[in-house]
2 protein chains.
Amino acid sequence: MTVTIRDVALRAGVSKTTVSRVLNGRGELDERTAERVRAVIDELGYVPSARAVAFARGSTRVVAMLLPSLAWPWMGEVLQAAVEVVEDEGYGMLVFTTTQGDESMRRFGAHVSARAFDGLLVVEPEGQLDYIAQLHDQGLPVVLIDDRGHEPRFPSVTTTNRVGALAAAQHLLSLGRRRPLVVTGEPRFGCIGERLAGFADGYRAAGVELDPALRVEGDFTYESGQAAAVRALEAGLEFDSLFAHNDVMAAGAMTVLRHAGLRVPDDVAVVGFDDLPAAAQCDPPLTAVHQPIREMGATAARMLLANFAGDPLPSAPTVLPTSFTVRASTAG
Amino acid sequence: MTVTIRDVALRAGVSKTTVSRVLNGRGELDERTAERVRAVIDELGYVPSARAVAFARGSTRVVAMLLPSLAWPWMGEVLQAAVEVVEDEGYGMLVFTTTQGDESMRRFGAHVSARAFDGLLVVEPEGQLDYIAQLHDQGLPVVLIDDRGHEPRFPSVTTTNRVGALAAAQHLLSLGRRRPLVVTGEPRFGCIGERLAGFADGYRAAGVELDPALRVEGDFTYESGQAAAVRALEAGLEFDSLFAHNDVMAAGAMTVLRHAGLRVPDDVAVVGFDDLPAAAQCDPPLTAVHQPIREMGATAARMLLANFAGDPLPSAPTVLPTSFTVRASTAG
DNA sequence: CTGAAAGCGCTTACAG
DNA sequence: CTGAAAGCGCTTACAG
């Protein structure tokens, strides 16, 4: 049989109330009594039932994270970072993915309604931003990890897309590259506009107006990076560098460039965005704007936990700075 | 105020018992009564509290997964597959990682003791196989997803390492490659022995005894794949093909080969193991033994859920077959 | 077919 | 400093 608070109370000769107090360090209590209770707890190997505590307290000590497919490397990174923070506080992390579309959301909604967790972390909630906002308005603590520039009406953590892209421009300029091909993500995302603007800012500051023809749209996939490079080459575009809006497209593009006989970085210097671990494993290793993915996940989780402890969630987005990692794809 | 079973009972003019019955479809009940109760449930938007149900039933409808860092691509795949299965049954998935070593295990142990979930999925429990076995012996439903050949004393799902490696050998032989360099993982893992044996089997069947000198040890990382290739080249080893015990080492090795002026597949045909999505994004795209990672995750999750429903967990490992994916790294 | 009542294992005013 | 008692919101024998 599993030991309960009652067993401990009986054995220690105190009330359950007292045991509960030493467990939670609440209320003044005679240090000797506490000592005795602790001894019994150890002796019996007593651990409070998570179910009973959750029920009695009305909170679960569990936070949920809603994200698209975990099969994307970016997701593993944020999740990992958030899990670590949450675990440190003894909380559990419940994960939900949206790979099944509406069906996923229906299932997720059931857990929300059942109040199966105390707070929520969200990543890339394409199409359900309104639903999430509604949950937030209904009182569920929510923090969005906003890598797509959604700028929602509820708490979020994001990064400096514009400044990051500016750094990419400055780096390429410092290498004398004045005709960069830009491989963008889907323009409907706010971050794409920011990255384009920041990049243009950098060139404009050096007196270079970017040629709109040197812009190809991708969709963040490897294949779209390849396709973008193919289109640019077939169109006979002339470029001495390439700035892709994520690492993966940069990698796809580099493969195409190499097969076309172009050398990276000699003929084309390449810069990515994200700086995931795989960036270092490209050939050549990829220079990239470093997005603080882990910090974003950890910060969002910390905000949520602080909120449980009584701190209000900041209404303005929390912005974490990008940095810039130089590797062989630009640094010969 | 959130609506409870009491509100529904009152409004429908029945007892809480009856409401509970229509909720759980248990016991015979007048269809008209049930209909009326359902109407009230809809009207009030009633959803049973997950906390209260878990407490009353003594089970949580949550399964946990313990895995090493989520930052490894393999992990995202298994997790994703398991999450989908679990979500389909309305269960939640709690994730724990072991990136913090003993501290992680201590925290995880606290959740186990608190009976915070009904069953456990484990991946690569290096060093804590005994602890997990102990949990299993104490009655916690556990399934190991065994990609490392641990062959534990409790339920597990694994794949055909030996047969997979055999297929790699046959493929290389069909290409006329008789001097394969083998880049292994750490030999302490059972799967490595099996992959070596299966590969040797294939060659032996063709009358070729593999040269033990043509074996270099790696540790499953990209860098170790590079290092292995460097060592082989520096040692002046002659090989016309390369079989790496995972994709990532194959990718690392390919980079080194290319920089050494060797062409893949013309000079060296390369085969990996795992066939993660990234294999298709190598240059050239990587031929690989396909490990059924997703099926392994899904199967393990299904076994656990079936066990909750009363099915016994199989005592022998459940073995899922590998397949073989041919791409340009061997198929010029 | 339906309900009253006990029970799941804690926490938390309230009283002393 | 400590305890008796109510309460959290369900499920489940048991009785009818």
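Within every chain, numbering begins at 1; the chains are lettered A, B, ... in the order of the sequence lines, protein sequences first and strands thereafter. Because the structure is predicted, anything quoted here is derived from the model rather than measured.
- Screening residues 23-54 of chain A for ring-ring contact (aromatic ring centres under 6.0 Å, His included), with sequence neighbours left out, gives no hits.
- For R6(A), there are no salt bridge (Lys or Arg N to Asp or Glu O under 4.0 Å) partners two or more places apart in sequence or in a different chain.
- Legend: residues meeting salt bridge (Lys or Arg N to Asp or Glu O under 4.0 Å) with D88(A), ordered by chain and number and at least two apart, are R107(B).
- A heavy-atom distance below 4.0 Å to DNA chain D is reached by none of the residues of residues 106-119 of chain B.
- Contact annotation: the side chain of I41(B) approaches that of V22(B) to within less than 4.5 Å [non-hydrogen atoms, C-beta and beyond].
- Residues passing the salt bridge (Lys or Arg N to Asp or Glu O under 4.0 Å) test with E84(B): none are found, sequence neighbours excluded.
- Judged purely by atom type and a 3.5 angstrom limit, D118(A) uses its side chain to pair as donor or acceptor with the backbone of R61(A).
- Partners of Y131(B) according to the ring pair (Phe, Tyr, Trp, His ring centres under 6.0 Å) rule, which considers only residues two or more places apart in sequence or in another chain, do not exist here.
- With a 6.0 Å radius and a threshold of 12 heavy atoms from other residues, nucleotides or ligands, R294(A) has its CZ atom above the threshold.
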Going through the checks in order, is the side chain to side chain donor-acceptor pair (under 3.5 Å) test met by E87(B) and S104(A)?
CA-CA 8 Å; E87(B) 277 178 359; S104(A) 296; 4.6 Å; no
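- F108(B) places a side-chain heavy atom less than 4.5 Å from the side chain of L120(B).
- As judged by a 4.0 angstrom heavy-atom cut-off over every strand, S20(A) is placed among the base-contacting residues.
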What dot-bracket string describes DNA chain C from 5' to 3', counting Watson-Crick and G-U wobble pairs whose defining distances are under 3.5 Å, with [ ] for crossing pairs and | for pairs to another strand?
|||.||||||||.|||
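- Looking at T159(B), its side chain does come within 3.5 Å of a backbone N or O of L320(B) through a donor-acceptor pair.
- Using a 4.5 Å heavy-atom threshold, the side chains of T98(B) and Q128(B) count as touching.
- Mapping T33(B) and S49(A) onto DNA chain C by nearest heavy atom places T33(B) closer to the 5' end of the strand.
- For DNA chain D, the residues of residues 5-16 of chain B within the heavy-atom distance limit of 4.0 Å (strictly under) are I5(B), K16(B), sorted by number.
- Where DNA chain C meets chain B (any atom under 4.0 Å from a heavy atom), the bounding nucleotides read 5' to 3' are dC1(C) to dG9(C).
- Within the 4.0 angstrom heavy-atom criterion, only backbone atoms of the sugar-phosphate kind lie near T4(A); the bases stay farther away.
- D137(B) pairs by the salt bridge (Lys or Arg N to Asp or Glu O under 4.0 Å) definition with nothing, not counting sequence neighbours.
- Of the residues in residues 50-60 of chain B, those placing a heavy atom less than 4.0 Å from an atom of DNA chain C are F55(B), A56(B), in numerical order.
- Here T18(A) lies in heavy-atom contact (under 4.0 Å) with sugar-phosphate atoms only.
- No side-chain donor-acceptor contact under 3.5 Å links T17(B) and S20(B).
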Mind listing the side-chain donor-acceptor pairs of residues 147-157 of chain B below 3.5 Å, one per line with the distance, residues two or more places apart or on another chain?
from    : atom 1 : to      : atom 2 : distance (Å)
R148(B) : NH2    : E124(B) : OE1    : 3.4
R148(B) : NH2    : E124(B) : OE2    : 3.4

